[in-house]
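Inspection log for the structure reproduced underneath, given as structure tokens.
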Amino acid sequence: MAIFAFKSKAYLRLSLLFFGVCLATQASSQSASAAAAVYPSQPIRLIVSFAAGGPTDVFARLIASKLEKELGQPIIVENKPGGGSNIGSEFVAKAKPDGYTLLVGTVANTTNMGIYKNLGYDTVRDFAPITQIMSSPSVLVVNTDIPVRTLDELIAYVKARPGKLNYASSGAGGMQHHAGEMLKLRAGIDVLHIPYKGAAPALTDVIGGTVNMGFKTASGVMPAIQSGKVRAIAVAGSHRLAQLPDVPTMAEAGMPGVEADSWNGLFAPAGTPPAIINKLANATIAILKTQEIKDRFAAISATPVGNTPVEFSKYVKDEVDKWGKVAKEANVQLN
């Protein structure tokens with residue numbers, strides 16, 4: 001009888017504990033659902049980890065102006081530049097996961113994972129991806145004095161002059177740097193990297209002939225290509241650009257796997273309730289489907305994306321893996 005009583009008391013304690021856990025979980029779920037039901041009930045901070053006036057800032061403010069109409073609350077864009085986008089990104093990663101502090105993340109959030117040893121956040125672990133806003137492929141361009149018109153001709157030209165040619169990027173560790181190193185690895189060529197403080201001065205020196213070539217984001221380099229100031233060799237994307245119908249992709253030119261897209265998307269801190277994530281995703285996707293946004297993006301060689309949180313999460317993980325391998329193979333490290 002004593003043993004039975006002991007077992008009964010132990011069973012009762014376990015049952016009460018289990019019941020308490022269930023109540024707490026239910027209460028937490030109901031609280032999250034209630035918060036999501038009234039979300040948003042106050043202004044939302046949209047963090048841009050680059051300076052005002054740059055491409056990411058322009059996209060952010062365009063989306064913010066539309067999103068606040070969809071959500072019925074002001075969207076306040078705040079610029080927190082510095083550290084290769086790490087300052088603003090870390091700020092959002094450590095923010096309260098309530099949907100009121102969001103990040104316009106970029107490809108830098110995936111390239112930085114492989115080049116910073118002491119990064120203050122983990123892109124995969126510390127963020128809840130919402131949706132990808134846009135994508136704009138890079139274009140490999142050369143100075144017009146370089147006597148080549150195809151990728152094969154360029155590779156042969158470089159191999160005949162090992163170590164004598166160079167390529168420009170918008171900065172050490174950035175996507176353009178990674179793209180250049182990826183080409184070097186895949187093509188087996190020896191070309192020197194020249195980093196600049198921004199895409200504009202890097203392109204200026206390719207135009208002027210100070211630097212021979214470089215990968216440039218389509219949205220930024222298109223005017224220079226169309227005016228004949230630089231020559232486009234190949235598009236580092238999955239498809240040809242409507243503005244450059246005669247320029248092949250890297251895959252079509254014989255270099256599959258060399259893809260370098262400049263992109264941005266919405267992120268929330270990890271732990272943000274799924275209902276809020278989905279509400280933000282649905283609102284943003286609705287905006288990206290409008291003809292106005294499609295036309296405005298197309299004018300600058302960008303494509304609206306608008307994928308689901310699950311799809312965007314996979315894309316981010318794939319980008320982290322891809323650029324991490326390039327950084328390791330090319331020994332690209334910033335700290």
Side-chain angles (χ1 to χ4, degrees), residues 47-52 54-57 79-94 103-127 129 136 138 140 163 165-187 189-206 210-217 220 236 257-265 267 269-270 315-335:
I47 306 301
V48 174
S49 49
F50 295 93
T56 303
D57 182 67
N79 298 90
K80 292 184 179 293
S85 84
N86 290 331
I87 291 176
S89 297
E90 183 175 354
F91 177 82
V92 176
K94 296 180 178 179
L103 173 72
V104 179
T106 70
V107 64
N109 290 109
T110 58
T111 56
N112 286 352
M113 287 286 290
I115 61 176
Y116 288 96
K117 294 180 181 178
N118 301 309
L119 201 61
Y121 64 91
D122 183 299
T123 300
V124 175
R125 180 194 65 209
D126 296 332
F127 291 109
S136 182
S138 294
L140 176 60
L165 299 180
N166 49 36
Y167 77 92
S169 81
S170 57
M175 186 271 292
Q176 294 178 5
H177 181 192
H178 278 72
E181 294 303 309
M182 179 184 282
L183 178 62
K184 287 172 61 177
L185 291 166
R186 303 295 183 269
I189 56 177
D190 181 9
V191 57
L192 179 65
H193 171 227
I194 307 294
Y196 284 78
K197 292 184 178 180
L203 177 58
T204 297
D205 275 7
V206 173
T210 303
V211 187
N212 305 117
M213 68 192 81
F215 283 92
K216 308 299 171 189
T217 302
V258 179
E259 294 188 8
D261 289 322
S262 177
W263 57 264
N264 58 44
F267 293 83
Y315 178 76
V316 170
K317 290 176 182 176
D318 289 346
E319 286 280 278
V320 169
D321 290 342
K322 178 178 76 175
W323 294 123
K325 290 176 182 177
V326 171
K328 185 176 181 180
E329 287 183 56
N331 194 29
V332 179
Q333 287 290 323
L334 294 188
N335 69 2

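In what follows, every heavy atom counts, from backbone to side chain, and hydrogens, waters and symmetry copies are set aside. Just so you know, residue 1 is the first one in the sequence shown, and it goes up from there.
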State, to 0.1 Å, how close Y121 and A93 come at their nearest heavy-atom pair, and which atoms those are.
CB-CB, 3.8 Å
Could you tabulate the donor-acceptor pairs under 3.5 Å formed by side-chain atoms of residues 170-177, not counting sequence neighbours?
residue, atom, partner, partner atom, Å
Q176, OE1, S170, N, 2.9
H177, ND1, G173, N, 2.8
H177, NE2, H193, ND1, 3.3

Using a 4.5 Å cut-off on heavy atoms from C-beta on, say whether the side chain of P269 contacts that of V92.
yes
If you round to the nearest 0.5 Å, how far is CG of L119 from CG of N112?
6.0 Å
Backbone of S262 reached by a side-chain donor or acceptor of T217 within 3.5 Å:
no
Check A51 against N79 and note the closest heavy-atom contact, atom names and distance.
C-ND2, 3.6 Å
Reported OG-to-NZ distance for the pair S169 and K216, which is rounded to 0.5 angstrom:
6.5 Å
Using modelled atom types and a 3.5 Å cut-off, is there a donor and acceptor pairing between side-chain atoms of D190 and backbone atoms of G163?
yes
Kindly give the heavy-atom pair with the smallest separation between L165 and V191, and that separation in Å.
O-CG2, 3.3 Å
Rounded at 0.5 Å granularity, tell me how far CZ in F50 sits from CG in N264.
9.5 Å
Can you list the residues that meet the salt bridge (charged side-chain N to carboxylate O under 4.0 Å, His left out) rule with E259, with sequence neighbours excluded?
none
Residues K94 and G120: closest non-hydrogen pair is CE-O, 3.8 Å
Point-to-point distance, once rounded to the nearest 0.5 Å, from CG of D321 to CE of M113
9.0 Å
When rounded to the nearest 0.5 angstrom, what is the spacing between OG1 in T123 and CZ in F267?
7.0 Å
Side chain to side chain contact (heavy atoms under 4.5 Å, CB included) for Y196 and V211? Distances and angles first, verdict last.
CA-CA 11 Å; Y196 284 78; V211 187; 3.0 Å; yes
How long is the straight-line distance from CG of D126 back to CG of L103, given to the nearest 0.5 Å?
12.0 Å
Worked verdict on Y167 versus L140 for side chain to side chain contact (heavy atoms under 4.5 Å, CB included)
CA-CA 10 Å; Y167 77 92; L140 176 60; over 6 Å; no
Do the non-hydrogen side-chain atoms of F215 and M182 ever get within less than 4.5 Å of each other?
no
Given side chain to side chain contact (heavy atoms under 4.5 Å, CB included), test W323 with V107 step by step and report yes or no.
CA-CA 10 Å; W323 294 123; V107 64; 3.8 Å; yes
Check ion pair K325-E329 (N to O, under 4.0 angstrom)
no
Starting from the C-alpha separation in whole Å, work towards a yes-or-no answer on side chain to side chain contact (heavy atoms under 4.5 Å, CB included) for F127 and S89.
CA-CA 9 Å; F127 291 109; S89 297; 4.3 Å; yes
Counting distance only, does the side-chain N/O of N109 pair as donor-acceptor with the main-chain N or O of T106 below 3.5 Å?
yes
